[in-house]
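Hydrogens, waters and symmetry mates play no part in the numbers below; they use all other heavy atoms, side chains included.
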Amino acid sequence: MAGMLQMRRSRGAFSGFLLMLLGLWGALIPFIGPYFHFAYTPDTAWTYTTARLWLEILPGAALFLGGFLLVVATGRHVALFGALLAAAAGAWFTLGTVLSPLWNNHVAMGGSPASATVYMRIMEQLGFFTALGVMIVFVAGAALGRVVSVTSGIRTLEPVPETTVPAETAGDTTQTIG
């Protein structure tokens, strides 16, 4: 039974690595984005706010941890936990700004996009939260599917070689009538 819970390490390695990169993006873009005119208010680099902690740093760290667990996991339980943690972080990136008024005196946390043009404001919203979260949930879901559908615990049946009957015994089945 214990062998059924093990899996090949490469089963979640690429997804985990991709999730780790997305976690770094999600946690660091609020701090380095202003250098590239890609920011939310406050649009100054390396400015810490509580909104950035709850909506970007913590989900980015959870995502990085989930991706790391997928990379190093040799057992299904660890990989499953990593994929679920990553999916929850992705859902939080997508829904966190929408749900934040529930605990922030009916005011949305996270600020607003800092660009002047409508196109760049949309790109900032997508790059910081919505599209990032959707992409994370997609990759984590794919990793979850690979972890769940691994057949390493089921042994493959080896083909049974056909038994050959010697030629002299095969012809002795006829009877003589006498």
Side-chain angles (χ1 to χ4, degrees), residues 1-40 45-100 102-103 108-111 113 120 122-157:
M1 187 72 165
M4 292 181 66
L5 298 177
Q6 292 184 352
M7 63 179 212
R8 288 193 326 235
R9 181 175 274 168
S10 65
R11 192 51 87 161
F14 180 72
S15 321
F17 180 70
L18 187 57
L19 289 169
M20 288 170 63
L21 289 178
L22 291 171
L24 286 174
W25 170 270
L28 292 178
I29 193 63
F31 299 109
I32 62 173
Y35 291 127
F36 309 103
H37 305 290
F38 190 74
Y40 258 67
W46 301 105
T47 302
Y48 171 81
T49 64
T50 305
R52 286 185 176 175
L53 173 70
W54 287 107
L55 299 177
E56 294 158 326
I57 298 170
L58 288 178
L63 178 59
F64 188 86
L65 177 63
F68 179 75
L69 289 175
L70 274 169
V71 168
V72 301
T74 57
R76 288 180 196 249
H77 288 89
V78 175
L80 183 66
F81 178 72
L84 289 174
L85 183 63
W92 188 249
F93 269 116
T94 303
L95 298 174
T97 56
V98 176
L99 298 176
S100 66
L102 293 175
W103 71 83
M109 291 177 82
M120 278 308 295
I122 291 170
M123 289 295 112
E124 288 168 349
Q125 173 66 34
L126 292 173
F128 273 75
F129 299 109
T130 311
L132 176 64
V134 169
M135 191 162 47
I136 291 166
V137 169
F138 176 77
V139 173
L144 184 64
R146 284 183 57 90
V147 168
V148 171
S149 67
V150 173
T151 59
S152 67
I154 301 172
R155 292 192 174 98
T156 58
L157 296 175

Shortest non-hydrogen separation from [X] to [Y] and the atoms involved:
X	Y	result
Ile136	Phe93	CD1-CD1, 3.7 Å
Ala86	Leu63	CB-CD1, 3.6 Å
Ala91	Val137	N-CG2, 3.5 Å
Leu70	Ala143	CD1-CB, 3.8 Å
Thr97	Met109	CG2-O, 4.2 Å
Pro34	Ala39	CG-CB, 3.8 Å

Legend entry - Residues that Phe64 engages under ring-ring contact (aromatic ring centres under 6.0 Å, His included), provided they are two or more places apart: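 Listed in chain order: nothing, the list is empty.
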Legend entry - Side chain proximity check, Leu126 to Leu132, heavy atoms < 4.5 angstrom: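 With C-beta onward as the side chain, the pair stays apart.
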Inset, instruction - Please examine the side chains of Phe81 and Leu69, heavy atoms only from C-beta on, and report whether any two atoms are closer than 4.5 Å. - result: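 Heavy-atom side-chain distance check passes, below 4.5 Å.
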Inset, instruction - Report the C-alpha separation of Tyr48 and Ile57 in whole Å, then their side-chain angles, then the decisive distance to 0.1 Å, and conclude whether the side-chain contact (heavy atoms from CB on, under 4.5 Å) test is met. - result: CA-CA 10 Å; Tyr48 171 81; Ile57 298 170; 4.1 Å; yes
Inset, instruction - Step through it carefully: locate the ring centre of Phe38, locate the ring centre of Phe128, and say whether they are under 6.0 Å apart. - result: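 Yes.
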Under 3.5 Å, side chain of [X] to main-chain N/O of [Y], donor-acceptor pair present?
X	Y	value
Arg52	Pro30	yes
Trp92	Trp54	yes
Glu56	Gly26	no

Legend entry - All pairs passing side chain to side chain donor-acceptor pair (under 3.5 Å) where residues 126-136 contributes a residue, at least two apart: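 Residue pairs with at least one partner in residues 126-136: Gln125-Thr130.
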Legend entry - Aromatic ring pairing Phe31/Trp46, orientation class (parallel under 30°, perpendicular over 60°, tilted between):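 Judged by the thresholds at 30° and 60°, the geometry between Phe31 and Trp46 is parallel.
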Inset, instruction - With side-chain contact (heavy atoms from CB on, under 4.5 Å) as the test, would you mind laying out the steps for Leu80 and Leu84 before giving the verdict? - result: CA-CA 6 Å; Leu80 183 66; Leu84 289 174; 4.1 Å; yes
Inset, instruction - Please identify each residue that fulfils side chain to side chain contact (heavy atoms under 4.5 Å, CB included) with Phe138, with sequence neighbours left out. - result: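 Residues passing side chain to side chain contact (heavy atoms under 4.5 Å, CB included) with Phe138: none at all.
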